[in-house]
2 protein chains.
Amino acid sequence: MRGYDKHAFEPFAVTVDLAVLTLRAGALHVLLVERGQEPYAGRWALPGGFLLPEESAETAARRELAEETGLADVTGLHLEQLRTYSEPGRDPRMRVVSVAFAALLPDPPQNSVRGDTHPAALEPHGGGDAADARWVPYDAAQGLAFDHDRILADARDRVGAKLEYTCLATAFCPAEFTLGELQQVYETVWGTALDRPNFRRKVLATTGFVEPVQGAARLTGGRGKPAALYRAGPATTLHPPLLRTPREGRPA
Amino acid sequence: MRGYDKHAFEPFAVTVDLAVLTLRAGALHVLLVERGQEPYAGRWALPGGFLLPEESAETAARRELAEETGLADVTGLHLEQLRTYSEPGRDPRMRVVSVAFAALLPDPPQNSVRGDTHPAALEPHGGGDAADARWVPYDAAQGLAFDHDRILADARDRVGAKLEYTCLATAFCPAEFTLGELQQVYETVWGTALDRPNFRRKVLATTGFVEPVQGAARLTGGRGKPAALYRAGPATTLHPPLLRTPREGRPA
DNA sequence: CCCTTTAATAGTCTCTACGACTATAAAGAG
DNA sequence: CTCTTTATAGTCGTAGAGACTATTAAAGGG
């Protein structure tokens with residue numbers, strides 16, 4: 001920030017990388033694109049792209065998110081800046097500084113990602129080096145291009161930590177959800193089982209976390225007693241937090 | 001991250017900005033530099049500078065920190081990446097993307113910052129547009145250059161939040177400290193008073209937070225009963241957290 | 001030297017929150 | 001209907017935190 005009108009400075013390429021996370025079939029999934037060209041041709045990578053001259057990293061991230069997921073309304077999705085990765089050599093060709101984001105969204109319809117239906121019809125953007133786009137289970141997302149393994153792991157760590165003291169979990173849920181679905185978010189991201197009555201008590205005792213949906217407040221569909229529906233409340237932080245205790249959980 | 005070998009991309013200037021925080025005389029202080037030239041000439045700003053071609057943002061931040069504070073050992077200091085600020089127009093002259101850091105250090109000796117003793121002898125670096133460097137009480141650090149007010153506020157928020165669930169507070173303390181000093185860290189950053197016996201019980205009950213210093217374990221100096229000395233323990237996170245409850249505190 | 005002041009440390013009491021657990025209700029499958 | 005499955009209600013015991021009192025060990029003032 002100082003002296004750059006008197007001295008030369010190094011120009012950098014600035015990109016955004018997105019760890020787009022969702023829950024599908026009880027497992028954490030991440031949206032990956034397959035690289036079509038070198039370096040790392042054929043390898044999977046996090047979606048992302050360059051900042052345009054007149055947009056912020058947040059704006060670029062939301063634009064890329066819309067392009068990659070094909071979702072119309074990315075305005076309501078939770079987008080969170082993780083950190084910036086700037087190690088020299090993280091891109092073998094040039095100096096690239098990348099601002100990483102985590103995006104959380106409810107399990108989208110199967111065809112909402114273009115790559116799921118027409119891999120070849122993926123609209124090429126930012127150069128068209130993406131051959132495919134696909135939701136991949138988190139545990140299967142290994143060996144990604146560049147330092148994306150690290151970014152993805154950091155994203156999961158951050159999300160897991162923020163579940164404890166923020167209302168972030170509702171970002172994985174649709175507009176109306178059951179407490180069982182909300183509990184599955186915690187169990188899936190943390191990888192631990194939670195006691196259902198205690199989870200219920202805790203969530204309902206936290207003012208502003210969720211609020212009941214009046215009217216057709218019951219959802220059937222599966223077996224068992226229908227669950228009441230809730231929507232996200234006005235709170236953003238949890239007081240007191242919903243702590244992930246190392247010893248918690250019961251064996252299914 | 002995609003396609004930049006086929007398409008033009010915008011080059012950006014990348015800088016680091018540092019919110020260097022310490023506690024002095026019972027108040028949170030931040031290290032500011034006075035800008036010597038336009039824009040914002042004469043205004044105070046956070047220290048910072050450009051990334052060199054072969055260094056990461058973390059390396060650049062630590063280098064700037066050493067240069068600005070004049071401290072010999074910046075290796076042990078707590079340096080934490082906050083977030084990256086990339087809004088177009090945040091620098092009136094050009095497009096600058098800045099990676100912001102928070103640095104925490106114990107109250108340094110009065111002469112450790114060059115600007116405190118020889119303002120004119122401040123070694124110019126990155127262009128020499130810093131006319132002075134000074135520790136400023138947090139509440140007096142208003143109207144900073146660029147978007148540094150926002151960065152500084154974000155730094156304080158982050159530090160305050162991390163005091164709850166990490167051992168970050170010891171980063172403000174010298175190698176050996178009393179529990180009273182540790183409590184002052186919390187009280188100063190949070191702006192609330194804490195009950196001393198309860199604070200003591202909580203800290204000592206958290207394994208790995210602090211460990212007693214054997215031998216000359218007592219520090220006198222002021223009035224009252226001498227306090228036992230402690231050093232930072234091996235833990236990095238607090239289980240359970242030391243929560244900042246809205247209602248906590250007693251009126252002095 | 002005694003007494004006050006100051007600060008550190010020890011301990012008590014109470015209430016809340018949470019983990020563990022049991023019981024009941026409401027649906028579908030057979 | 002009966003069994004299974006899932007949601008919901010409630011109970012019990014304990015750990016931890018807030019509020020508070022008491023004791024100890026120093027400095028300072030007369």
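Lettering of chains follows the sequences in order, A, B, ..., and the numbering in each one begins at 1. The shown structure was predicted, so the numbers you read here are calculated from the model rather than taken from an experiment.
The listed nucleotides are C:dC21, D:dA7, C:dT9; the one nearest the side chain of A:P197 is C:dC21. Distance from the side chain of A:D195 is smallest to C:dA20 among C:dA20, C:dA10, D:dA9.
Nearer the 5' end of DNA chain C, as judged by each residue's closest nucleotide, is the contact made by B:L204, out of B:L204 and A:R201. Map A:P240 and B:L179 each onto its nearest nucleotide of DNA chain C; the residue landing nearer the 5' end is B:L179.
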* Asked: What's the verdict on side-chain contact (heavy atoms from CB on, under 4.5 Å) for B:R134 and B:L32, showing C-alpha distance, side-chain angles and the deciding distance?
  -> CA-CA 5 Å; B:R134 187 173 296 174; B:L32 296 182; 5.8 Å; no
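Between B:R196 and C:dA7, a side-chain N or O to OP1/OP2 separation shorter than 4.0 Å is absent. Note on A:T245: every side-chain N or O is 4.0 Å or more away from OP1 and OP2 of C:dC18. One finds a side-chain N or O of A:K202 lying less than 4.0 angstrom from the OP1 or OP2 phosphate oxygen of C:dC18.
Look at NZ on A:K225: it is 6 Å from P on D:dT8, rounded to the nearest Å. Rounded to whole Å, atom P of D:dG16 lies 18 Å from atom CZ of B:R200. Between A:F199 atom CZ and D:dA9 atom P the separation is 15 Å, expressed in whole Å. If you measure from atom CZ of B:R223 to atom C1' of D:dA25, you get 14 Å, rounded to the nearest angstrom. Atom pair B:L194:CG and C:dT9:P shows a separation of 16 Å (rounding to whole Å applied). Separating the CG atom of B:N198 from the C1' atom of C:dT9 is a distance of 13 Å, rounded to the nearest angstrom. Remark: P of C:dG19 and CZ of A:R244 are 14 Å apart, rounded to the nearest angstrom. One atom, CG of A:L243, and another, P of C:dC18, lie 8 Å apart when rounded to the nearest Å.
Taking the side chain to side chain donor-acceptor pair (under 3.5 Å) definition, one finds that B:S86 meets it with nothing, sequence neighbours left out.
With A:R83 contributing its side chain and A:V99 its backbone, the two residues share no donor-acceptor pair below 3.5 Å.
A salt bridge links A:E80 with A:R158: the closest approach of a Lys/Arg side-chain nitrogen to an acidic carboxylate oxygen falls below 4.0 angstrom.
Note on the helix from C:dC1-D:dG30 to C:dG30-D:dC1: terminal axis deviation equals 0°, with five pairs used at each end and the result rounded to 10°.
For A:D17 and A:S98, the side-chain atoms include at least one donor-acceptor pair closer than 3.5 Å.
Between A:F177 and A:Y230, the ring centre distance reaches or exceeds 6.0 Å.
Taking all atoms of both residues into account, the shortest heavy-atom contact from B:A141 to B:D149 is O-OD1, 3.9 Å.
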